[in-house]
Amino acid sequence: MSDNFFNKVYKVVEKIPFGRVTTYGAIAKYISSPKASRMVGWALNAYFKNKGFSIPAHRVVNRFGILTGKKYFEGKNTMKELLESEGIYVKKDKILDFNKHFWDPNI
DNA sequence: AATGTGACACAAT
DNA sequence: TATTGTGCCACAT
């Protein structure tokens with residue numbers, strides 16, 4: 001299978017444990033392209049179109065714990081609701097105790 | 001091949 | 001962590 005950038009992103013996101021979150025930057029770094037954080041978001045968007053909610057993209061936020069991608073989650077459940085259902089509380093599009101929920105792909 | 005683009009990150013302010 | 005500006009990379013067209 002491919003070593004595509006997108007594919008790597010896909011695989012990492014898939015591994016994010018329940019109730020945990022990570023950042024675009026962390027993922028980018030993990031796949032050896034620390035500066036390609038923007039692409040991570042784009043990759044998710046691309047897969048999103050093809051596979052819908054098949055990956056927990058709601059567990060990926062920017063490095064401040066802000067739900068920058070919530071606009072792409074418009075549906076029955078907002079990104080916020082999905083996260084709160086996992087015990088991650090969100091206030092004004094920002095994750096509370098973000099570093100407590102942060103998950104590093106290297107682990 | 002060149003240009004546009006984006007769910008970011010970082011430094012400076 | 002607000003805002004603004006710049007850098008950055010890989011994909012789509």
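Lettering follows sequence order; numbering is per chain, from 1. Model, not experiment: these values are computed from the prediction.
Distances shown here put a side-chain N or O of A/S33 below 4.0 Å from the OP1 or OP2 atom of C/dA10. Proximity of A/K35 to the phosphate of B/dA9: no side-chain N or O atom is located under 4.0 Å from OP1 or OP2. Proximity of A/T68 to the phosphate of B/dC8: a side-chain N or O atom is located under 4.0 Å from OP1 or OP2.
Remark: C1' of C/dC9 and CD1 of A/I27 are 15 Å apart, rounded to the nearest angstrom. Distance A/D93 CG to C/dT1 C1': 15 Å, rounded to the nearest Å. Residue A/Y24 contributes atom OH, which lies 19 Å from atom P of C/dA10 at whole-angstrom precision. The distance between atom CG of A/N45 and atom P of C/dA10, rounded to the nearest whole Å, is 18 Å. Following rounding to the nearest Å, A/K29 (NZ) and C/dA10 (C1') show an atom-to-atom distance of 20 Å. Rounded to whole Å, atom P of C/dC8 lies 20 Å from atom CG of A/N62. Taking atom NZ on A/K91 and atom P on C/dT1, their separation rounds to 14 Å, with Å as the unit. The interatomic distance linking A/R63 (CZ) with B/dA9 (C1') rounds to 6 Å, in whole Å.
Partner of A/H58 under the side chain to side chain donor-acceptor pair (under 3.5 Å) criterion, chosen from A/E86, A/K70, A/E81: A/E86.
Of all nucleotides listed (C/dA2, C/dC9, B/dC10), C/dA2 comes nearest to the side chain of A/I66. Closest to the side chain of A/F6, out of C/dC11, C/dA2, B/dA9, is C/dC11. Residue A/S37 places its side chain closer to B/dA9 than to any other of C/dA2, B/dG6, B/dA9.
In terms of heavy-atom proximity, A/I66 sits nearest to A/V61 at O-CB, 3.5 Å.
Residue-level contact check: A/K94 touches the backbone only, with heavy atoms under 4.0 Å from sugar-phosphate atoms and none from bases. Across all strands shown, A/A28 has no heavy atoms under 4.0 Å from either base or sugar-phosphate atoms.
In the hydrophobic clustering of this structure, A/F98 groups with A/I88; members are Ile, Leu, Val, Met, Phe, Trp, Tyr whose side-chain heavy atoms approach within less than 4.5 Å, directly or through other members.
Remark on DNA chain B: of its neighbouring residues A/M39 and A/F64, the 5'-side contact belongs to A/M39, judged by nearest-heavy-atom nucleotide.
Within 3.5 Å, no donor on the side chain of A/R38 pairs with an acceptor on the base of C/dC9, nor the reverse.
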- Message: I'd like to know whether A/L83 forms a side-chain contact (heavy atoms from CB on, under 4.5 Å) with A/L67, so could you lay out the CA-CA distance, the side-chain angles of the two residues, the decisive distance to 0.1 Å, and finally the verdict.
- Response: CA-CA 10 Å; A/L83 289 171; A/L67 312 188; 3.6 Å; yes
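When atom types are taken as modelled, the side chain of A/R20 and the backbone of A/W103 share no donor-acceptor pair closer than 3.5 angstrom.
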